[in-house]
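Proteins come first, then strands; the chains are lettered A, B, ... in the order of their sequence lines, and each starts at number 1.
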2 protein chains.
Amino acid sequence: MCGTVSIVDHIELASVCKALGDPTRVRIFQFLLECCCPVALEEDGDVRPANGPTVGEVCCQVTGIDKITSTISFHLKELRQSGLITMEKQGKHMICGINREALARLADYLNEASKRSTCC
Amino acid sequence: MCGTVSIVDHIELASVCKALGDPTRVRIFQFLLECCCPVALEEDGDVRPANGPTVGEVCCQVTGIDKITSTISFHLKELRQSGLITMEKQGKHMICGINREALARLADYLNEASKRSTCC
DNA sequence: CACACATTTCGAGAACTGTCGAAACGATGG
DNA sequence: CCATCGTTTCGACAGTTCTCGAAATGTGTG
């Protein structure tokens with residue numbers, strides 16, 4: 001066959017893509033991309049937990065309303081279940097973050113696919 | 001902002017991802033990846049049209065039935081409208097191919113996103 | 001022209017998805 | 001412990017998507 005791919009089956013690829021297949025979810029995702037610092041490792045040698053916005057902040061940014069809606073909660077769940085984002089409880093809050101590894105895997109898969117040049 | 005991205009708005013990204021957000025379409029897509037030679041340019045200096053399977057062959061591969069179903073036709077239309085695949089009439093047949101450029105753009109976007117390392 | 005073949009379109013039904021408001025849950029502070 | 005805050009879950013509804021079979025379209029062939 002034409003080389004190994006990182007995303008194995010139809011189902012997994014479909015599930016990740018489906019998660020990004022809704023405009024509201026893409027907006028959430030892009031907001032998280034902009035405002036989440038990746039986990040810091042170097043400076044203090046310690047793994048620092050994700051440093052991102054709370055669900056309320058995501059809501060506020062995406063809907064413009066300063067109130068958590070069940071709709072955003074629903075979309076966050078979809079994104080989390082697909083593995084694209086992470087969510088971590090911190091006291092009263094849920095901190096959202098990008099799962100850069102999942103993202104990189106998807107990018108690699110598509111990049112490899114776009115460059116495949118010979119027939120099998 | 002954090003650098004330009006190739007895929008502009010939520011809608012476009014969502015639309016491409018949505019097209020890949022169905023297991024049947026992913027199977028079609030992966031079959032096309034495996035069996036479509038990219039357009040040949042170098043050897044004869046001529047642009048050769050896409051060299052891929054017909055709709056019937058896609059159907060046969062994906063459904064196992066040697067008969068074109070309206071379902072596959074529907075999914076091919078979705079993929080074509082999202083820009084991920086190309087279809088070209090050749091006599092009686094429609095030849096399907098991968099749009100590697102669209103694929104590369106998506107891969108670039110995701111790759112850049114996965115590497116973004118600073119806050120805005 | 002009539003026919004067979006490759007494919008798309010249409011219409012209908014079932015299944016799924018996105019949205020909303022209300023209720024429930026869990027953590028924290030008084 | 002009660003109230004409150006941040007968040008999720010639930011139930012309902014409208015809208016969309018997927019699938020199927022039948023009919024329509026287009027294209028080469030006798």
Side-chain angles (χ1 to χ4, degrees), chain A residues 10-11 13-29 31-32 35 49-82 84-97, chain B residues 10-11 13-29 31-32 35 49-82 84-97:
Chain A
H10 323 123
I11 310 300
L13 178 53
S15 133
V16 174
C17 287
K18 197 166 165 188
L20 279 181
D22 175 274
T24 305
R25 287 198 287 269
V26 171
R27 273 163 68 208
I28 294 174
F29 177 77
F31 172 58
L32 292 182
C35 75
N51 178 4
T54 65
V55 171
E57 287 162 343
V58 171
C59 252
C60 183
Q61 171 72 25
V62 172
T63 66
I65 307 166
D66 190 14
K67 174 176 166 292
I68 293 171
T69 64
S70 52
T71 298
I72 296 293
S73 186
F74 163 75
H75 286 308
L76 283 170
K77 188 167 115 190
E78 297 281 308
L79 285 167
R80 183 157 42 88
Q81 284 177 343
S82 78
L84 276 172
I85 72 168
T86 60
M87 291 176 74
E88 188 183 336
K89 194 169 275 184
Q90 258 181 31
K92 260 204 247 196
H93 298 272
M94 283 296 255
I95 305 293
C96 308
Chain B
H10 324 122
I11 310 298
L13 178 53
S15 133
V16 174
C17 286
K18 196 166 167 189
L20 279 181
D22 175 276
T24 306
R25 287 198 286 270
V26 170
R27 274 164 68 209
I28 294 174
F29 177 78
F31 172 57
L32 291 183
C35 76
N51 180 5
T54 65
V55 171
E57 286 162 343
V58 172
C59 251
C60 183
Q61 171 72 24
V62 172
T63 66
I65 307 166
D66 189 14
K67 174 174 165 292
I68 292 171
T69 64
S70 52
T71 298
I72 296 295
S73 186
F74 163 75
H75 287 307
L76 283 170
K77 189 166 114 188
E78 297 281 307
L79 285 167
R80 182 157 42 88
Q81 284 177 342
S82 78
L84 277 171
I85 71 168
T86 58
M87 292 176 74
E88 187 183 335
K89 194 169 275 184
Q90 257 181 34
K92 260 204 250 198
H93 298 272
M94 283 297 256
I95 305 295
C96 308

Can you give me every donor-acceptor pair (side chain of residues 71-78 of chain B, partner residue at least two apart or in another chain, under 3.5 Å) with its distance?
{"unit_1": "B/H75", "atom_1": "ND1", "unit_2": "B/R25", "atom_2": "NH1", "d": "3.0"}

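Residues satisfying the side chain to side chain contact (heavy atoms under 4.5 Å, CB included) criterion with B/S15, sequence neighbours excluded, are B/S82.
Side-chain contact between A/T54 and A/K92 is absent, with no heavy-atom pair separated by less than 4.5 Å. Looking at A/L79 and A/M87, their side chains never come closer than 4.5 Å, going by heavy atoms from C-beta outward.
For the pair A/I72 CD1 and C/dT17 P, the computed distance is 18 Å after rounding to whole Å. C/dT9 atom C1' lies 14 Å from atom CG of B/L76, rounded to whole Å. Rounded to an integer number of Å, the gap from A/R27 CZ to C/dT19 P is 10 Å. Spacing between atom CZ of B/R80 and atom C1' of C/dT9 amounts to 12 Å, rounded to whole angstrom units. The interatomic distance linking A/E88 (CD) with D/dG6 (P) rounds to 19 Å, in whole Å. Remark: P of D/dT27 and CE of B/M94 are 10 Å apart, rounded to the nearest angstrom.
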(message) How would you summarise protein contacts on nucleotides 17-22 of chain D per nucleotide, using B for base, S for sugar-phosphate only and - for none, with heavy-atom distances below 4.0 Å?
(response) SSBBB-

(request) Spell out protein contact along nucleotides 24-30 of chain C as letters: B when the base is contacted, S when just the sugar-phosphate is, - when no protein heavy atom is under 4.0 Å; keep the 5' to 3' order. (result) ----S--

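Residues B/V58 and B/F31 share a closest heavy-atom pair of CA-CE2, 3.8 Å. In terms of heavy-atom proximity, B/G56 sits nearest to B/I68 at CA-CG1, 3.6 Å.
Nearest-nucleotide positions on DNA chain D place A/H93 closer to the 5' end than the other of A/H93 and A/K77.
Rounded to the nearest 0.5 Å, atoms CE (B/M94) and CD (B/E88) are 9.0 Å apart. We find the CG-CG distance between A/L20 and A/L84 to be 5.0 Å, quoted to the nearest 0.5 Å. Between atom CZ of residue B/R27 and atom CG of residue A/L13 there is a gap of 13.0 Å, rounded to the nearest 0.5 Å. Distance check, rounded to the nearest 0.5 Å: CD of B/Q61 to CG of B/D66 gives 12.0 Å.
In the region residues 54-64 of chain A, proximity to DNA chain D at under 4.0 angstrom, judged on heavy atoms, holds for A/T54, A/V55, A/G56.
Checking B/I65, B/I28, B/T69 one by one against B/C59, the side chain to side chain contact (heavy atoms under 4.5 Å, CB included) holds for a single residue, B/T69.
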